[in-house]
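The block underneath contains the structure these notes are about, expressed in structure tokens.
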Amino acid sequence: MPIFSWQDKYSVNVEEIDLQHQKLIELVNNLHSSVESRISKNKLEQLLIELVKFTSFHFSTEEKYMKEYNFPGFAEHYKVHTDLLEHMNNLVSVVSNGKIPTFYSDYDISSDWALAHIAGHDKLLGKFLNSKNVY
Ligand SMILES: [Fe+2]
Ligand SMILES: [Fe+2]
């Protein structure tokens, strides 16, 4: 999985969210390069847990904005967050139970979702927040 870097086109034009997305991309990149250099199971577990924790914190930040400004797409966006976290937590359990996932696709979720989610749902949220004068 190639390492990808932050680009201005990923911006949702809300500073707090953009900064968190940058951090998220950094964590995902760490995870990918660590998988490539075949780190130990414990280290992999640690990195995954760190990613899940930060993702969970980031999702709460977005949800806080959605509630505060009565975002009409809240239910749908919230569901996507919940499903993603569940998937990531399952991955942590798989690794904790001693299995190093063999299929590279097991990890793809962490980069695919990040970009797809930012480009789709988060951009919509950003536009909505901008219309409420939140930047
Ligand atoms: Fe989101
Ligand atoms: Fe996000």
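Heavy-atom basis, side chains included; hydrogens, waters and symmetry copies ignored. Order of appearance sets the numbers: ligands from 1, and atoms from 1 within every ligand.
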Item to check | the Fe ion (ligand 2) to Glu62: nearest N/O/S atom name | outcome: OE2

Checklist entry - Counting only heavy atoms not in Lys64, do more than 12 sit closer than 6.0 Å to its NZ atom? => result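 Yes - once you tally the heavy atoms of other residues, nucleotides and ligands closer than 6.0 Å, there are more than 12.
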
Checklist entry - Taking both backbone and side chain into account, is any N, O or S atom of His121 nearer than 2.8 Å to the Fe ion (ligand 1)? => result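 No, His121 does not qualify, because none of its backbone or side-chain N, O or S atoms lies under 2.8 Å.
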
Checklist entry - Got an N, O or S from His77 under 2.8 Å of the Fe ion (ligand 1)? => result yes

Checklist entry - With the Fe ion (ligand 2) at the center, what angle do NE2 from His21 and OD2 from Asp122 span, rounded to 10 degrees? => result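 The angle at the Fe ion (ligand 2) comes to 80°, rounded to the nearest 10°.
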
Checklist entry - Are Tyr10 and Gln22 linked by a side-chain donor-acceptor pair shorter than 3.5 Å? => result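 Looking only at side-chain atoms, Gln22 and Tyr10 do not form any donor-acceptor pair under 3.5 Å.
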
Checklist entry - Angle class for the His58/His21 ring planes (parallel below 30°, perpendicular above 60°, tilted otherwise)? => result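 Judged by the thresholds at 30° and 60°, the geometry between His58 and His21 is perpendicular.
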
Checklist entry - Are the aromatic ring centres of His121 and His81 under 6.0 angstrom apart? => result no

Checklist entry - Would His117 count as a contact for the Fe ion (ligand 2), in the sense that one of its N, O or S atoms lies under 2.8 Å from it? => result no

Item to check | Worked verdict on Phe54 versus Phe57 for ring-ring contact (aromatic ring centres under 6.0 Å, His included) | outcome: CA-CA 5 Å; Phe54 188 79; Phe57 163 72; 5.7 Å; yes

